[in-house]
2 protein chains.
Amino acid sequence: MEETKITARGRATRQRIIEATGEQILAAGIGGTTLDTVRAATLTSKSQLFHYFPGGKSELVREVATWEGQQLLAAQEPFIHDLSTWDSWIQWRAALVEYYLGLGRWACPIGSLATQAALTDPDLEAFFNASMATWRDTLAEGVTKMQAGGHIDRTADPQRIAVVILAAIQGGLVLSQPMRSAWPLEAALDSALEPLHQAAA
Amino acid sequence: MEETKITARGRATRQRIIEATGEQILAAGIGGTTLDTVRAATLTSKSQLFHYFPGGKSELVREVATWEGQQLLAAQEPFIHDLSTWDSWIQWRAALVEYYLGLGRWACPIGSLATQAALTDPDLEAFFNASMATWRDTLAEGVTKMQAGGHIDRTADPQRIAVVILAAIQGGLVLSQPMRSAWPLEAALDSALEPLHQAAA
DNA sequence: ATCGTAGTGGACCACAGGGTCCAGACTGTG
DNA sequence: CACAGTCTGGACCCTGTGGTCCACTACGAT
């Protein structure tokens with residue numbers, strides 16, 4: 001998509017639409033989010049929705065996904081690109097939980113979006129795969145640093161540990177959502193980080 | 001709901017509808033499952049759908065949820081009601097993975113259903129909460145047995161361990177789905193069971 | 001045999017919701 | 001100022017889909 005001319009005003013409107021849609025999806029799911037409710041929430045018109053997202057709802061959802069993905073990654077900075085010490089891991093964990101807390105809803109924007117639409121939208125599935133892969137690789141990188149620093153067992157597979165941590169996050173959120181409490185997420189996450197802690201201490 | 005008269009033939013049709021709907025939901029999500037596709041797959045008519053599920057689609061989905069819930073629990077028998085030895089845990093784990101494998105799709109019928117519809121259907125959310133609670137309690141019971149048998153640390157909180165295990169299952173499935181492989185699930189699950197193993201060995 | 005009830009078929013309805021169109025207002029650049 | 005292109009409003013269309021209705025059949029009981 002080579003960018004067609006877009007003014008500051010236009011960009012703001014577009015962004016407003018994306019964020020409002022993201023909130024609605026988080027609160028009511030993709031199915032519970034209609035173009036009409038988005039239109040109402042953003043004080044826009046149908047034509048604007050299609051002006052900025054010619055591909056319609058599916059394109060809008062994909063844009064929301066990339067936006068939320070950026071937010072999620074940004075929230076973990078700068079710690080996620082360090083992770084060379086146990087203390088850095090602690091800070092990363094705190095920042096992540098803080099991010100989810102700020103959403104006001106115990107759900108991963110990316111994860112829940114994926115489980116809802118990946119079945120029917122191949123593009124979205126690919127995006128989800130890519131997101132998870134880079135996230136996983138970044139964590140694995142941190143594990144490798146810990147190994148290099150001699151803090152933990154060097155024979156362990158960083159990729160595997162990273163996957164276990166991600167699974168703990170996603171699964172923890174699944175349980176936190178109905179319980180409306182952070183503790184399942186924190187318990188799962190801490191448990192997954194335990195091996196790193198044990199060895200580092 | 002006092003049961004109205006229902007013959008064997010009727011019960012069979014009803015069950016056929018439930019199972020077919022379950023498969024479609026697992027494959028295409030709730031949104032991707034319409035009454036028409038269910039009708040086609042089961043060779044029934046609209047009127048039958050509403051004859052057996054007067055509450056319409058939402059009632060049908062709830063019935064599917066309870067059915068899948070029963071299946072999920074049944075698949076873990078008899079091990080899940082033992083769990084007094086490490087060996088029993090091993091067998092339980094194998095049975096569970098086997099169950100998910102048999103679905104042909106790396107997703108938890110209960111979990112994915114919940115993340116899709118719990119937001120809009122309070123009844124379904126309550127059902128999901130109840131399912132998770134009993135599942136969790138049953139696992140916690142097993143942990144308690146391990147503690148009583150002196151296999152593991154008695155100061156650990158069984159409920160917490162149970163939640164961590166459930167989170168590993170749900171999260172592992174989230175990652176297994178796009179990767180189309182059992183290993184994320186198995187890695188997450190084994191990692192969560194590690195504490196039990198360590199002490200039991 | 002007949003009668004009542006469960007079971008079935010399929011036409012039909014209503015409406016939500018995604019998507020289209022066009023006219024008009026705003027904006028910034030020559 | 002003029003004009004080109006962006007931005008916006010809102011009426012409109014149309015398909016998909018949940019849900020209703022009614023007539024007809026199958027079948028068990030008395």
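Convention: sequence-line order gives letters A, B, ...; per-chain numbering from 1.
Distances shown here put a side-chain N or O of A:T13 below 4.0 Å from the OP1 or OP2 atom of D:dT8. The side chain of B:R11 contributes no N or O atom lying less than 4.0 Å from OP1 or OP2 of C:dA6. Side-chain N/O atoms of A:R39 include none lying less than 4.0 angstrom from OP1 or OP2 on C:dG17.
Across B:L119 and A:G29, no two heavy atoms sit closer than the pair CD1-N, 3.5 Å.
One atom, CD1 of B:I6, and another, P of D:dC27, lie 16 Å apart when rounded to the nearest Å. Taking atom CG on B:L60 and atom P on D:dT17, their separation rounds to 15 Å, with Å as the unit. Note: CG (B:L43) to C1' (C:dG7) measures 15 Å, nearest angstrom. The interatomic distance linking A:I17 (CD1) with D:dC7 (C1') rounds to 11 Å, in whole Å. Atom NZ in B:K5 sits about 13 Å away from atom P in D:dG28, given to the nearest Å. In this structure, B:E59 places its CD atom 11 Å from P of D:dG19, rounding to the nearest Å. Rounded to an integer number of Å, the gap from CG of A:L35 to C1' of D:dG10 is 15 Å. If you take NE2 of A:H51 and P of D:dG5, they are 13 Å apart, rounded to a whole angstrom.
Remark on DNA chain D: of its neighbouring residues B:G31 and A:G10, the 5'-side contact belongs to A:G10, judged by nearest-heavy-atom nucleotide. Checking B:Q48 against A:G56, the closest nucleotide of DNA chain C that is more toward the 5' end is the one next to B:Q48. Closest-nucleotide positions on DNA chain D for B:F50 and B:T7 were compared, and the one nearer the 5' end corresponds to B:F50.
In terms of polar N and O atoms assigned as donor or acceptor, the side chain of A:K46 never comes within less than 3.5 Å of the base of D:dG9 in a complementary pairing. Between the side chain of A:K57 and the base of C:dG19, no donor-acceptor pair of N or O atoms lies under 3.5 Å. Within 3.5 Å, a donor on the side chain of A:S47 pairs with an acceptor on the base of D:dG9, or the reverse.
For A:Q71, the CD atom sits in a packed shell: over 12 heavy atoms of surrounding residues, nucleotides or ligands are nearer than 6.0 Å. Heavy atoms of other residues, nucleotides or ligands lying less than 6.0 angstrom from CD of B:E141 number 12 at most.
Across C:dT8, D:dT17, D:dG10, the shortest atom-to-atom separation from the side chain of B:S45 is found for C:dT8.
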**Message:** If you apply the rule side-chain contact (heavy atoms from CB on, under 4.5 Å), what do you find for A:F128 with A:E125, and how did you get there?
**Reply:** CA-CA 5 Å; A:F128 175 68; A:E125 186 183 5; 5.6 Å; no

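Residue B:Y52 is classed as a sugar-phosphate contact, given heavy-atom separations below 4.0 Å to backbone atoms only.
A donor-acceptor contact under 3.5 angstrom links the side chains of B:Q24 and B:T37, judged on distance only.
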